[in-house]
**Student:** 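To start, I am sharing the structure in question, which I have written as structure tokens.
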Amino acid sequence: MTESGLATLPAVLIVTGTDTDVGKTVVTSAVVATARAAGRRVTAYKPTQTGVAPGEPGDMAEVERLTGAPTVEGVRLRAPMAPRPAARLEDSRLPTLDEHVARVESLVVCHDLVVVEGAGGLLVELTDDGDTLADLALALPGCAVVVVARSALGTLNHTMLTREALSHRGIRQLGIVLGSWPEQPDVIEQTNREHLAALPEGLLGAVPLGAPRLDPETFRTASPGWLPGLEERLGQRLGQRLGTP
Ligand SMILES: Nc1ncnc2c1ncn2[C@@H]1O[C@H](COP(=O)(O)OP(=O)(O)OP(=O)(O)O)[C@@H](O)[C@H]1O
Ligand SMILES: [Mg+2]
């Protein structure tokens, strides 16, 4: 922890979600854009991409479109389902946990920040041995996890379950991000946001509804303002590096 009490930013950030379709890819893009705006060399890695045919744009293509950053995909499977059954359908082998770790570590060598986007939620199996994104986080010492959550009714339970699974395993949580925040939130969304912001790790920010439809330039310029909790940590680490107080 730093003097102000904020944990510094690690070299690997893992983006998980309370569910599939909660906005992990959009949040990954906003995290990448925010770090790039702060002058960092950033890349994103998707260990397992499902539901996309060869040659089609997957989640990493969306991150590249929105941010301009380079990205890497681990393995791609055609069926729109969890990686293990999708691999079985194609009779193909999934990369092992060690292979994913080696991939991430090779990216860390030439980037300041590697942002890893999971498939579905935290405990979805990513390998033929049944390793999950939580196992990948445990195999990458020093990494921290960002939890993407919905803003609507039901999100409190899903978010608390995910953070309990993380803390049970001793995995560091950097904070929560709301994947799609409406311009005019109702009382449920507003109170959900207040509840999540009051948790120890707190809210890094919220991506506004409609963000993926912005033109990439606007998305890149606006991203730091959506994630003030991340911006603060980026500023701090840059300050430390430059030797400023
Ligand atoms: N802030 C937002 N405003 C409007 N649409 C959004 C927003 N965030 C996400 N979406 C849309 O919702 C859908 C799901 O979002 P996204 O692909 O980011 O989810 P995901 O959690 O990455 O899903 P997966 O588990 O498939 O990786 C996409 O069509 C995306 O464009
Ligand atoms: Mg995604």
Side-chain angles (χ1 to χ4, degrees), residues 13-34 43-53 56-67 69 71-87 94 100 114-126 132-134 136-137 145-152 154-155 158-159 161-162 165 175-186 189 192-193 196 203-216 218-228 230:
L13 271 186
I14 296 190
V15 177
T16 190
T18 54
D19 198 357
T20 186
D21 262 0
V22 293
K24 290 187 302 296
T25 302
V26 177
V27 170
T28 298
S29 303
V31 167
V32 168
T34 300
T43 188
Y45 177 58
K46 177 95 179 174
T48 48
Q49 171 72 66
T50 60
V52 180
E56 280 181 7
D59 287 359
M60 291 300 97
E62 178 70 348
V63 174
E64 287 192 14
R65 181 185 74 81
L66 288 170
T67 70
T71 66
V72 178
E73 201 177 86
V75 68
R76 169 173 290 207
L77 301 151
R78 195 182 286 263
M81 57 203 294
R84 239 180 135 180
L94 287 168
H100 285 307
V114 180
V115 186
V116 178
E117 184 194 337
L122 182 69
L123 299 185
V124 168
E125 294 173 328
L126 301 181
T132 66
L133 193 66
L136 182 59
V145 170
V146 171
V147 175
V148 181
R150 291 197 171 91
S151 49
T155 200
H158 291 152
T159 308
L161 287 171
T162 300
I176 299 162
V177 178
L178 297 173
S180 185
W181 182 248
E183 210 169 305
Q184 295 188 320
D186 62 25
E189 290 162 326
N192 282 346
R193 183 173 181 150
L196 298 176
L203 203 62
L204 294 175
V207 174
L209 178 69
R213 290 187 292 279
L214 293 173
D215 72 86
T218 309
F219 186 96
R220 291 169 204 178
T221 311
S223 284
W226 300 334
L227 301 176
L230 183 66

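Position 1 is the first residue of the sequence; numbering continues from there. We use all heavy atoms of the structure for the numbers below, so side chains are in, but hydrogens, waters and symmetry mates are not. Both counts, for ligands and for their atoms, begin at 1 and track the order of listing.
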**Student:** Look at atom 20 (P) of ligand 1 and say which protein heavy atom is nearest, naming residue and atom and giving the distance to 0.1 Å.
**Tutor:** K24 N, 3.4 Å
**Student:** If you measure every N/O of T25 against every N/O of ligand 1, is any gap under 3.5 Å?
**Tutor:** yes
**Student:** I'd like to know if the side chain of K24 reaches the main chain of G120, judged simply by a donor and an acceptor atom lying under 3.5 Å from each other, with no hydrogens or angles considered.
**Tutor:** yes
**Student:** Hey, could you give me the NE2/CG distance between H100 and L133, rounded to the nearest 0.5 Å?
**Tutor:** 9.5 Å
**Student:** For ligand 1, is any non-hydrogen atom under 4.0 Å from D59's backbone (N, CA, C, O), its side chain (CB onward), both, or neither?
**Tutor:** side chain
**Student:** Looking just at side-chain N and O atoms, do E117 and T25 make a donor-acceptor pair shorter than 3.5 Å?
**Tutor:** yes
**Student:** What atoms in ligand 1 come closer than 4.0 Å to a heavy atom of A211?
**Tutor:** 3 (N)
**Student:** Does some non-hydrogen atom of G179 fall short of 4.0 Å from ligand 1?
**Tutor:** yes
**Student:** Note the single closest protein heavy atom to atom 4 (C) of ligand 1, along with its residue, its atom name and the distance in Å.
**Tutor:** G210 N, 3.2 Å
**Student:** What protein heavy atom sits nearest atom 26 (O) of ligand 1, and how far off is it?
**Tutor:** T20 OG1, 3.5 Å
**Student:** Are the side chain of R78 and the backbone of T50 linked by a donor-acceptor contact shorter than 3.5 Å?
**Tutor:** no
**Student:** Tell me whether E125 is salt-bridged to R84, with the criterion being a basic N under 4.0 Å from an acidic carboxylate O.
**Tutor:** yes
**Student:** Measure P208 to ligand 1 on non-hydrogen atoms and call it side chain, backbone, both or neither using the 4.0 Å cut-off.
**Tutor:** backbone
**Student:** Donor-acceptor pair, distance only, cut-off 3.5 Å: does the side chain of T67 make one with the backbone of A33?
**Tutor:** no
**Student:** Any protein heavy atom under 4.0 Å from atom 12 (O) of ligand 1?
**Tutor:** no
**Student:** I would like to know whether K46 and E73 meet salt bridge (charged side-chain N to carboxylate O under 4.0 Å, His left out); could you show each step before the answer?
**Tutor:** CA-CA 5 Å; K46 177 95 179 174; E73 201 177 86; over 6 Å; no
**Student:** Look up atom 28 (C) of ligand 1 and tell me if a protein heavy atom lies less than 4.0 Å from it?
**Tutor:** no
**Student:** Quiz question for you: does at least one protein heavy atom lie closer than 4.0 Å to atom 7 (C) of ligand 1?
**Tutor:** yes
**Student:** Angle at the Mg ion (ligand 2) between OE2 of E117 and OD2 of D59, to 10°?
**Tutor:** 90°
**Student:** Between the main-chain N or O of D19 and the side-chain N or O of R150, is there a donor-acceptor pair closer than 3.5 Å?
**Tutor:** no
**Student:** Heavy-atom contacts under 4.0 Å between R150 and ligand 1: side chain, backbone, both, or neither?
**Tutor:** neither
**Student:** With a cut-off of 4.0 Å, which atoms of ligand 1 are near a heavy atom of K46?
**Tutor:** 27 (O)
**Student:** Enter the distance from F219:CZ to L66:CG here, rounded to the nearest 0.5 Å.
**Tutor:** 4.5 Å
**Student:** Of the backbone and side-chain N, O or S atoms of T25, does one lie nearer to the Mg ion (ligand 2) than 2.8 Å?
**Tutor:** yes
**Student:** Pick from V114, V115, V145, V146: which one makes a side chain to side chain contact (heavy atoms under 4.5 Å, CB included) with I14?
**Tutor:** V145
**Student:** Can you tell me the protein heavy atom closest to atom 10 (N) of ligand 1 and the distance?
**Tutor:** P212 CG, 3.9 Å
**Student:** Before you tell me yes or no, could you show the steps for V15 and V177 under side chain to side chain contact (heavy atoms under 4.5 Å, CB included), namely the whole-Å CA-CA distance, both residues' side-chain angles and the distance that decides it to 0.1 Å?
**Tutor:** CA-CA 10 Å; V15 177; V177 178; over 6 Å; no
**Student:** Applying side chain to side chain contact (heavy atoms under 4.5 Å, CB included) to V52 and Q49, what does each step give before you reach the verdict?
**Tutor:** CA-CA 7 Å; V52 180; Q49 171 72 66; 3.4 Å; yes
**Student:** Among all protein heavy atoms in this structure, tell me which lies nearest to atom 9 (C) of ligand 1, with the distance rounded to 0.1 Å.
**Tutor:** V26 CG2, 3.5 Å
**Student:** What do we get for E117 next to ligand 1 when only non-hydrogen atoms under 4.0 Å count, side chain, backbone, both or neither?
**Tutor:** side chain
**Student:** Look up atom CG in L136 and atom CG in L122, then write down how far apart they are to the nearest 0.5 Å.
**Tutor:** 10.5 Å
**Student:** I need the nearest protein heavy-atom contact for atom 19 (O) of ligand 1: residue, atom name and distance, please.
**Tutor:** G23 N, 3.1 Å
**Student:** Does atom 31 (O) of ligand 1 have any protein heavy atom closer than 4.0 Å?
**Tutor:** yes
**Student:** What's the shortest distance from atom 14 (C) of ligand 1 to any protein heavy atom, and which residue and atom give it?
**Tutor:** D21 OD1, 3.4 Å
